[in-house]
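Below: the structure, in structure tokens.
The structure presented is a predicted model; accordingly, all values stated were derived computationally and were not measured.
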Amino acid sequence: MTENAYTRRDDSSSNNDNGDDGRGVGRMTGAVLVTSGTGKTGRRVVERLAALGVPARSGSRSGDVPFDWQDDTGWEAALRGTEAAYVAYYPDLAVPGAAEAMAAFGRTAAACGVRRVVLLSGRGEPQAVVAEEALRGAVGATEVTVVRSAFFAQNFSEGALLDGVIGGELVFPAGTTAEPFLDLDDLADVVVAALTGDGHAGAVYELTGPRSLTFEQAAEELGRAAGRPVRYVPVTVPAYASLLEESGVSEAEAGFLAELFATLLDGHNAATTDGVKRVLGREPKEFADFACEAARDGAWHG
């Protein structure tokens, strides 16, 4: 999943011989543009780059580095002088116009001499693959790495499902489908490894958590961590779209999101992958650990 309303995460060494710290970092130190830099994934990437001493430009509509996916007139200024870019497209790579935006961004990045691009994509989204290919086709010799993510665990602590956890009812159109929820700390670590380390050019990493849970099981885990009952309430896609509209989401966006979730949660994404371990040399974070950490940090004190 990419940076829509629901998608807005040691100690082991990986088996590589890049001569770095075991996570593929340390090769590149030039400036990195982080698009959607104040979003859930972007701010984590910025924090990690800063910790490594890599200059990061946090691009957003109202930030120090102006960047708006709906206005390409500012893209060149944001990219000029950078060596790499993290691309987190809002609202989602599957929306109409995303492929065109990726092609335009790719051409601009190539013209600015950007060496490397890491693209956040959605796991199991056919239309997102079209956007991925549009970027690849436009960047010329620029290296591209694609990170396809499972459903973010932090959607329950920072995203649109936060209020449901606080209120004790998770209303969502997932039925009994299992999903291998991914912690954003793991995602950010993979992104930074691909941005700063060698050996990732052309790679496509599918990232998941270590096990798959139904939303009912996830609700139980969240309830245990929060110290109060959390119940999963399955609804139909049309009913969920109506609920989104009632909460202020436009009819078009509500319909898109509801249909997107129906596509993502039809069972084809239920299996786990070894993507996190391939890049970082360690297992991804357990959902129960995410829930305990979020509770400890006060995510559900509302």
In terms of heavy-atom contacts, A254 and A241 come closest through CB-O, 3.6 Å
In terms of heavy-atom contacts, F151 and E179 come closest through N-OE2, 2.9 Å
message: Assigning hydrophobic clusters by single linkage (Ile, Leu, Val, Met, Phe, Trp, Tyr; side-chain heavy-atom cutoff under 4.5 Å), is V204 placed with V129?
response: no
For residues 287-300, the salt bridge (Lys or Arg N to Asp or Glu O under 4.0 Å) pairs (sequence neighbours left out) are K285-E293
(Q) Counting C-beta onward and ignoring hydrogens, is there a side-chain heavy-atom pair between P210 and T272 closer than 4.5 Å? (A) no
Closest heavy-atom pair, E221 versus A288, reported as atoms and distance to 0.1 Å, is OE1-CB, 3.5 Å
Residue pairs passing the salt bridge (Lys or Arg N to Asp or Glu O under 4.0 Å) test with at least one member in residues 161-172, sequence neighbours excluded, are E169-R231
Under the side chain to side chain contact (heavy atoms under 4.5 Å, CB included) criterion, do T41 and V191 qualify, and how do the steps go?
CA-CA 9 Å; T41 70; V191 167; over 6 Å; no
| query | Can you find a pair of side-chain heavy atoms, one from W69 and one from V87, that are under 4.5 Å apart? | reply | yes
For L162 and A299 the tightest heavy-atom approach is CD1-O, 3.4 Å
CG (L265) and OG1 (T176) are apart, to the nearest 0.5 Å, by 11.0 Å
For residues 97-114, which side-chain donor-acceptor pairs fall under 3.5 Å, sequence neighbours excluded?
residue	atom	partner	partner atom	Å
T108	OG1	A104	O	3.0

Sorted by chain and number, sequence neighbours left out, salt bridge (Lys or Arg N to Asp or Glu O under 4.0 Å) with R57 holds for none
Rounded to the nearest 0.5 Å, the OH atom of Y89 sits from the OG atom of S36 at a distance of 10.0 Å
Those residues at least two apart in sequence (or on a different chain) that pass side-chain hydrogen bond (donor to acceptor under 3.5 Å, both in side chains) with E206 are R123
Notebook entry, point to check: Does atom CD of E47 have more than 12 heavy-atom neighbours, drawn from other residues, nucleotides or ligands, at distances under 6.0 Å?
Noted result: yes
Salt bridge (Lys or Arg N to Asp or Glu O under 4.0 Å) filter on E76, not counting sequence neighbours, yields R80
Tightest non-hydrogen contact, residues A295 and A225, listed as CB-O, 3.3 Å
Quick note, ring-ring contact (aromatic ring centres under 6.0 Å, His included) partners involving residues 274-295, not counting sequence neighbours, are F156-F287, F181-F287, F287-F290
Output for pair (L280 CG, Y205 OH), nearest 0.5 Å, gives 9.5 Å
Interatomic distance, CG@L264 vs CD@E125, rounded to 0.5 Å, equals 5.0 Å
Quick one: does any side-chain atom of T145 pair with a main-chain N or O of H200 as donor and acceptor, under 3.5 Å?
yes
Applying side-chain hydrogen bond (donor to acceptor under 3.5 Å, both in side chains) to T73 and not counting sequence neighbours gives D71
Practice prompt. Tell me, with the steps shown, if L119 and L93 meet side chain to side chain contact (heavy atoms under 4.5 Å, CB included).
Written response: CA-CA 10 Å; L119 173 65; L93 282 184; 4.1 Å; yes
- Under 4.5 Å between side-chain heavy atoms, hopping through other hydrophobics if needed: is there a path connecting L243 to V237? no
Just so I know, are the side chains of V45 and L195 near enough to count as touching, which here means a heavy-atom distance under 4.5 Å? yes
With sequence neighbours left out, the residues meeting salt bridge (Lys or Arg N to Asp or Glu O under 4.0 Å) with E286 are R211
In short, salt bridge (Lys or Arg N to Asp or Glu O under 4.0 Å) pairs touching residues 260-269 with sequence neighbours left out are none
pair N269-T208: side-chain heavy atoms closer than 4.5 Å: no
* Asked: For the hydrophobic clusters of this structure (ILVMFWY residues joined by side-chain heavy atoms under 4.5 Å, transitively), does one cluster hold both L257 and V235?
  -> yes
So W300 and L222, do their side chains get closer than 4.5 Å, heavy atoms only?
yes
Membership question, hydrophobic clusters at under 4.5 Å side-chain separation (ILVMFWY): are F261 and L213 in the same one? yes
Between the CZ atom in F215 and the CG atom in L170, the distance rounded to the nearest 0.5 Å is 8.0 Å
Heavy-atom nearest pair, V46 first then S58, reads CG2-CB, 4.1 Å
Exercise for review: Using a 4.5 Å cut-off on heavy atoms from C-beta on, say whether the side chain of R282 contacts that of V276.
Suggested key: yes
Are V130 and L135 linked, directly or through intermediate hydrophobic residues, by side-chain heavy-atom contacts shorter than 4.5 Å (ILVMFWY only)? no
Could you tell me whether the side chains of Y232 and T214 share a donor-acceptor contact shorter than 3.5 Å?
no
To the nearest 0.5 Å, atom CG of L33 lies from atom CH2 of W75 at 11.0 Å
Exercise for the section: Using a 4.5 Å cut-off on heavy atoms from C-beta on, say whether the side chain of L207 contacts that of P284. Expected result: no
Residues pairing under side-chain hydrogen bond (donor to acceptor under 3.5 Å, both in side chains) where one sits in residues 129-143, two or more places apart or in two chains, turn out to be R116-E143, S121-E132, E132-R148, E133-R136
For E220, the salt bridge (Lys or Arg N to Asp or Glu O under 4.0 Å) test, sequence neighbours excluded, returns none
